[in-house]
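A short write-up of the structure that comes next.
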Amino acid sequence: MVIRVYIASSSGSVVIKKRQQAIVGFLEANRIVFEEVDITMLEDQRLWMYRNIPEGKRPEKGNPLPPQIFNGEQYCGDYEDFFQAKENNTVFSFLGLSAQPSVKQSES
């Protein structure tokens, strides 16, 4: 499965931008293969994200905000969940990965 991070490239919120960068930076630093999905550019992906976030993780009002993390079709969590997993050193299990991926050859 592919780790997907749903982001908003045109967000006016500094908090959202910092949270997105924290997740992307961590994944890149740990060479975890992932793809960014920009919900501001891809309406069908934004709707898919909204539909696939579990009921208990949705805000009382409005739509769930990025960043949101999925492993394939499986919801992993939002920034708070990611941050907690990082603090507990359980990011790989949080992402549904069995172990740290092997180092990938650089793509030049």
Side-chain angles (χ1 to χ4, degrees):
M1 294 289 173
V2 173
I3 302 299
R4 288 181 294 169
V5 181
Y6 287 79
I7 64 158
S9 64
S10 62
S11 174
S13 168
V14 174
V15 171
I16 288 175
K17 287 180 181 181
K18 286 184 176 186
R19 289 177 171 189
Q20 291 173 166
Q21 187 52 48
I23 292 172
V24 168
F26 179 89
L27 297 174
E28 289 174 343
N30 287 279
R31 296 190 170 132
I32 297 171
V33 177
F34 71 100
E35 64 183 41
E36 290 181 52
V37 180
D38 186 354
I39 64 169
T40 61
M41 305 298 284
L42 302 166
E43 177 74 10
D44 60 327
Q45 291 296 317
R46 180 179 62 82
L47 294 173
W48 185 93
M49 180 192 85
Y50 290 163
R51 283 193 306 268
N52 288 282
I53 293 175
E55 196 68 40
K57 291 298 293 180
R58 296 179 190 181
E60 288 184 29
K61 293 183 178 179
N63 291 314
L65 297 174
Q68 299 288 334
I69 306 166
F70 287 80
N71 182 340
E73 305 274 317
Q74 183 68 40
Y75 181 70
C76 297
D78 57 14
Y79 175 79
E80 286 80 13
D81 298 325
F82 170 81
F83 182 80
Q84 194 62 46
K86 189 174 159 189
E87 289 293 304
N88 294 332
N89 201 27
T90 59
V91 173
F92 292 98
S93 62
F94 164 76
L95 294 172
L97 303 173
S98 55
Q100 185 168 355
S102 59
V103 175
K104 190 167 88 166
Q105 295 283 339
S106 69
E107 298 172 11
S108 303

Problem set entry | With sequence neighbours excluded, residues passing ring-ring contact (aromatic ring centres under 6.0 Å, His included) with Tyr50 | none
For this session: Can you measure from NZ (Lys86) to CZ (Phe94) and round to the nearest 0.5 angstrom?
Result: 12.0 Å
For this session: Please name all residues satisfying salt bridge (charged side-chain N to carboxylate O under 4.0 Å, His left out) with Glu55, sequence neighbours left out, ordered by chain then number.
Result: Arg58
For this session: Show the numbers, then the answer: is there a side chain to side chain contact (heavy atoms under 4.5 Å, CB included) between Arg19 and Ile23?
Result: CA-CA 6 Å; Arg19 289 177 171 189; Ile23 292 172; 5.7 Å; no
Exercise. Do Ile16 and Ile39 belong together in a cluster built from hydrophobic side chains that touch within less than 4.5 Å?
Worked result: no
For residues 59-73, run the donor-acceptor check on the side chains, cut-off 3.5 Å, and write out each pair with its distance to 0.1 Å, sequence neighbours left out.
{"from": "Gln68", "atom 1": "OE1", "to": "Tyr75", "atom 2": "OH", "distance (Å)": "2.6"}
{"from": "Gln68", "atom 1": "NE2", "to": "Leu65", "atom 2": "O", "distance (Å)": "2.7"}
{"from": "Asn71", "atom 1": "ND2", "to": "Leu95", "atom 2": "O", "distance (Å)": "2.7"}

For this session: Please tell me if the side chains of Leu42 and Trp48 come closer than 4.5 Å, counting only heavy atoms from C-beta onward.
Result: no
Exercise. Taking only residues at least two apart or on different chains, which pairs with a member in residues 35-46 satisfy side-chain hydrogen bond (donor to acceptor under 3.5 Å, both in side chains)?
Worked result: Tyr6-Gln45, Ser9-Asp38, Ser9-Thr40, Asp38-Thr40, Glu43-Arg46
For this session: Please say whether more than 12 non-hydrogen atoms of neighbouring residues, nucleotides or ligands are located less than 6.0 Å from CZ in Phe34.
Result: yes
Exercise. With hydrophobic residues grouped by side-chain heavy-atom distances under 4.5 Å, do Ile7 and Tyr79 end up in a single group?
Worked result: yes
Exercise. How many angstroms lie between CG in Asn89 and CD in Glu87, if you round to the nearest 0.5 Å?
Worked result: 10.0 Å
Exercise. Under the 4.5 Å side-chain heavy-atom rule for ILVMFWY, direct or indirect, which residues accompany Val2?
Worked result: none
Exercise. Just how far is it from atom CD1 of Ile3 to atom CD of Gln74, taken to the nearest 0.5 Å?
Worked result: 10.5 Å
Exercise. Under the salt bridge (charged side-chain N to carboxylate O under 4.0 Å, His left out) test, which residues partner Lys57, sequence neighbours left out?
Worked result: Asp78, Asp81
